[in-house]
Amino acid sequence: MTTTTQNTTPETRKPPTAPVFSVEGLWKVFGPKAHRVPADPELTALAPAELRSRTGCTAAVRDVSFDVRKGEVFVVMGLSGSGKSTLVRCLTRLIEPTAGTIAIDGEDVRAMDKSRLRELRRHRAAMVFQHFGLLPHRTVLDNVAYGLEIQGVGKAERRQRAAEVVAKVGLEGMEHRRPGQLSGGQRQRVGLARALAVDPEVLLFDEPFSALDPLIRRDMQEEVVRLHREEGRTMVFITHDLNEALKLGDRIALMRDGAVVQLGTPEEIVGSPADDYVREFVRDVPREQVMTVRTAMRAASAGEQGNGPAVAPDATVSEAIEAVARAKAPARVVDEGRCVGVVDSEALLEVVAGTAKETV
């Protein structure tokens, strides 16, 4: 069985906070007598092909554990068939897990009755799918208000709240159009607005942009970044696209054959791959766009404390290279007005080449 590797360095994009979702030992097995698989150490140790051959079962999610922290974008990434979409559906029991625990704010999701599950899906965790599922006979405004209608919110209030969210996602002026009159990107914005309208604690995105044209996809990624920056909403984002994961994720869980093979920040995954699979996955990533100056930073001498350009600790190596090149001098790494180190061109280029000592 693939072993989950999680880096535990103190340097992350956000300080640790209490988890919104907490997942422990999660399994989803399809096939006859599925429950016997997680309970049998001999079966859990089998490779996917062997497990299918011996039991007729497929383990779509294999012993997965992670926490989603409040206010973070947690990305689950993997190739087709890796188990990522099954995993996100297990979080709200759209797919019933076979074994393991799932909690939201400490409440056991697997113990919820139908009433509590409805509340979870309608109020606390909203899904945004690749296929928008818009109601073709309804206007943009009424599509966005649909979740509020299900919640029993009065017509005037739900239309007012829907109008506010429509403006927030950049569709102001299109309230009375129908889905057939919209582009793919606009329809996806309606789907996003519909999820936002119910003011969920967490947004769950299941490869929402994979069917969009590259330029529209980039616009929607920027929209997610903007909304997250402005609202700080917790998001779980599923994707098969590494660049999308690196752009959006505070932390990334990389899946293979149903298991998480590495969990860490983008910088940890690119800078310290857990195994050959991850190393091959990130091989073509421009390291200078992901790695930060912390990787190349050294202590500043007394003469360097007040001289040279300043960069932030979370500035990318690419940004630091530009600063050093312009000044023709090492750059100071300044955190809250205090010089915490220095980076020079030699150390920065070592990071780009992948030859720097691992400090991430």
Side-chain angles (χ1 to χ4, degrees), residues 14 17-23 66-76 84-85 87-95 102-135 140-154 157-171 187-209 220-221 223-239 248-251:
K14 288 183 171 61
T17 57
V20 176
F21 271 110
S22 185
V23 176
F66 61 86
D67 288 336
V68 178
R69 301 166 185 162
K70 185 174 179 61
E72 80 170 330
V73 180
F74 186 89
V75 174
V76 182
K84 58 190 185 298
S85 291
L87 173 61
V88 75
R89 283 168 166 78
C90 284
L91 295 181
T92 57
R93 286 174 55 196
L94 291 174
I95 292 178
I102 305 167
I104 182 167
D105 294 328
E107 183 178 0
D108 186 350
V109 174
R110 296 195 68 196
M112 289 180 175
D113 60 19
K114 290 182 179 180
S115 175
R116 291 296 289 164
L117 269 181
R118 278 196 300 271
E119 182 185 353
L120 171 66
R121 295 167 185 168
R122 291 179 181 178
H123 297 270
R124 301 169 72 182
M127 290 284 295
V128 182
F129 295 99
Q130 174 184 341
H131 303 292
F132 322 121
L134 303 182
L135 302 170
V140 166
L141 193 66
D142 287 336
N143 265 287
V144 173
Y146 182 65
L148 297 171
E149 182 180 343
I150 291 176
Q151 290 182 1
V153 176
E157 181 183 350
R158 70 176 182 253
R159 287 176 70 86
Q160 178 185 342
R161 285 167 60 179
E164 293 170 358
V165 179
V166 165
K168 186 178 292 184
V169 300
L171 291 177
R187 288 195 295 272
Q188 189 56 280
R189 286 174 187 267
V190 177
L192 176 58
R194 183 175 56 191
L196 285 169
V198 299
D199 194 26
E201 183 176 0
V202 57
L203 281 168
L204 305 174
F205 294 87
D206 187 12
E207 299 206 64
F209 310 145
M220 289 305 301
Q221 291 168 356
E223 189 69 18
V224 169
V225 170
R226 182 183 68 80
L227 286 170
H228 182 254
R229 183 174 61 245
E230 292 177 358
E231 299 190 353
R233 197 179 298 270
T234 308
M235 302 181 183
V236 178
F237 199 99
I238 307 301
T239 183
L248 299 180
D250 293 309
R251 290 186 301 146

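The side-chain contact (heavy atoms from CB on, under 4.5 Å) test with His123 singles out one residue from Gln151, Glu201, Arg118, and that residue is Gln151. Screening Gln160, Arg159, Arg161 for a side chain to side chain donor-acceptor pair (under 3.5 Å) with Glu157, the sole residue that qualifies is Arg161. Results of the side-chain contact (heavy atoms from CB on, under 4.5 Å) test with Leu171 over Val165, Val190, Leu192, Val144 single out Val190 as the only residue that passes.
The main-chain N or O of Val169 is found under 3.5 Å from a side-chain atom of Arg189 such that the two form a donor-acceptor pair. Side-chain atoms of Arg158 come within 3.5 Å of backbone atoms of Val153 as a donor-acceptor pair (strictly under, hydrogens ignored).
Under 4.0 Å is where a charged nitrogen must lie from a carboxylate oxygen, and between Lys84 and Asp206 no such pair does. In summary, Lys168 and Glu230 do not engage in a salt bridge, as defined by a charged side-chain N under 4.0 Å from a carboxylate O. Contact check on Asp105 versus Lys70 returns no salt bridge, with no Lys/Arg side-chain nitrogen under 4.0 Å from an Asp/Glu carboxylate oxygen.
The six-membered or imidazole ring of Phe74 lies near that of Phe66, with a centre-to-centre distance under 6.0 Å.
Inter-residue side-chain proximity for Leu196 and Glu164 is flagged as unmet; no heavy-atom pair is nearer than 4.5 Å. Looking at heavy atoms from C-beta onward, Leu94 lies in side-chain contact with Arg121 at the 4.5 angstrom threshold. Under the 4.5 Å side-chain criterion, counting only non-hydrogen atoms from C-beta, His228 is in contact with Asp250. Side-chain atoms of Glu107 and Met112, non-hydrogen and from C-beta on, do get closer than 4.5 Å to each other. Residues Leu120 and Arg93 are not in side-chain contact: their nearest non-hydrogen atoms beyond the backbone lie 4.5 Å or more apart. Using a 4.5 Å heavy-atom cutoff, the side chains of Val198 and Leu148 are in contact.
Taking CG from Asp67 and OG from Ser22, the interatomic distance works out to 4.0 Å, rounded to the nearest 0.5 Å. In this structure, CG in Asp142 is found 12.5 Å from CZ in Arg194, a value given to the nearest 0.5 Å. For the atom pair Met235 CE and Leu227 CG, the distance stands at 6.0 Å (nearest 0.5 Å). A distance of 6.0 Å separates CD in Glu223 from CE in Met220, rounded to the nearest 0.5 Å.
Closest of all the heavy-atom pairs between Leu117 and Thr92 is CD2-O, 3.7 Å. Closest heavy-atom contact between Val75 and Gly249: CG2-CA, 3.5 Å. Here the shortest heavy-atom pairing between Arg110 and Asp108 reads N-OD1, 3.0 Å. The heavy-atom pair separating Leu248 from Val224 by the smallest distance is CD2-CG1, 4.3 Å. The heavy-atom pair separating Pro200 from Ala195 by the smallest distance is CD-O, 3.2 Å. The shortest heavy-atom contact between Gly71 and Thr234 is N-OG1, 2.8 Å.
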Could you go through the side-chain contact (heavy atoms from CB on, under 4.5 Å) check for Ile104 and Val20 one step at a time?
-> CA-CA 5 Å; Ile104 182 167; Val20 176; 4.2 Å; yes

Please report the C-alpha distance between Val76 and Val88 in whole Å, then the side-chain angles of each, then the deciding distance to 0.1 Å, and finally whether the side-chain contact (heavy atoms from CB on, under 4.5 Å) criterion is met.
-> CA-CA 8 Å; Val76 182; Val88 75; over 6 Å; no

Begin from the C-alpha positions of Val128 and Gln188 and carry the test side-chain contact (heavy atoms from CB on, under 4.5 Å) through to its verdict.
-> CA-CA 9 Å; Val128 182; Gln188 189 56 280; 3.7 Å; yes

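Residues passing the ring pair (Phe, Tyr, Trp, His ring centres under 6.0 Å) test with Phe237 are Phe205, Phe209, sequence neighbours excluded. Residues satisfying the side-chain contact (heavy atoms from CB on, under 4.5 Å) test with Ala163, not counting sequence neighbours, are Leu141.
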